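Before any comments, here is the structure.
Just so you know, these numbers come straight off a predicted model, no measurement behind them. Note that ligands are numbered from 1 as they come in the structure, with each ligand's atoms numbered from 1 the same way.
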Amino acid sequence: MNQNGVKQNDVCILLVEDEQHIAQGLIFNLQQEGYSVIHAVTGEEALQFLEQYPFTLAILDRMLPGKLDGLAVCRHIRQNNPQMPILMLTAMNREQDRIDGLADGADDYLAKPFSLDELLLRINGMLRRSAWYRPSPPPTQHYALDSHTINLANGEVTGVNDKQVLTELELKMLRLFIDHEGEVLSRAFLLKSIWGIAPDTETRTLDNFIVRLRKYFEQSPSRPQFFITVRGQGYRFNNPT
Ligand code: CA
């Protein structure tokens, strides 16, 4: 592990750069960090290597000799691998060029001439954030329920005076209700969806979770407005807010 907590040996970087002196400097320094580097000079060569090696991250120069420029390589990678971190290098630093790169799927952008330290910092940051290194959380979505705001990505609930965090299963159940707002969800469906339990299993667990959700969100848990019991059928979630 290096100082960033990334296992270097597992990191293989695709470097696409036609200027030899820049490429050599980058290869040397990335290898010093412990990363493997495969160097392509053209976009065509990059596409070949992408078939052959399991890359973790790509550094793409934008202007390349041949028919495929860095943006084309970037689009190609994105079609096949939505999560690979991509850093675009360019001699141009006009706003439109940055927008082009980001629109084509680059995650970050560095204008030449760049400082090597900055490049290494960005690479390390991208690797830390990358889905390859750990599963990426779902994008942050905030959901309003009465006076509470729920971050559906991490389960944080912010209320008027308090803040709490839902457990993984509480959050899973809440998301399920939100996805099916207004529908009656049977006990069997809830048990199967959340716990993977055979629907005929008798369990109080489900009821306890409903009690917990009511305690978090209902102003009067004994007279629920949001998590409604539908006798003989299951539960229904309503959100009038
Ligand atoms: Ca170039």
Inset, instruction - Just the protein N/O/S atoms under 3.0 Å from the Ca ion (ligand 1), please, no waters. - result: D18 OD1, D61 OD2, M63 O
Legend entry - Shortest non-hydrogen contact from L176 toward S193: CD2-CB, 3.6 Å
Inset, instruction - May I ask you to check whether D162 and Y216 show a side-chain donor-acceptor distance below 3.5 Å? - result: no
Inset, instruction - For E51, enumerate each residue passing the salt bridge (charged side-chain N to carboxylate O under 4.0 Å, His left out) test, keeping only those at least two apart in sequence or located in another chain. - result: none
Inset, instruction - Quick one: name the residues clustered hydrophobically with V184, using the 4.5 Å side-chain heavy-atom rule over I, L, V, M, F, W, Y, and just say none if it's on its own. - result: V230
Inset, instruction - Scan residues 148-174 for pairs that pass ring-ring contact (aromatic ring centres under 6.0 Å, His included), counting only residues two or more places apart or in two chains. - result: H148-F217
Inset, instruction - If the plane angle is over 60° it's perpendicular, under 30° parallel, otherwise tilted; pick one for F177 and F227. - result: perpendicular
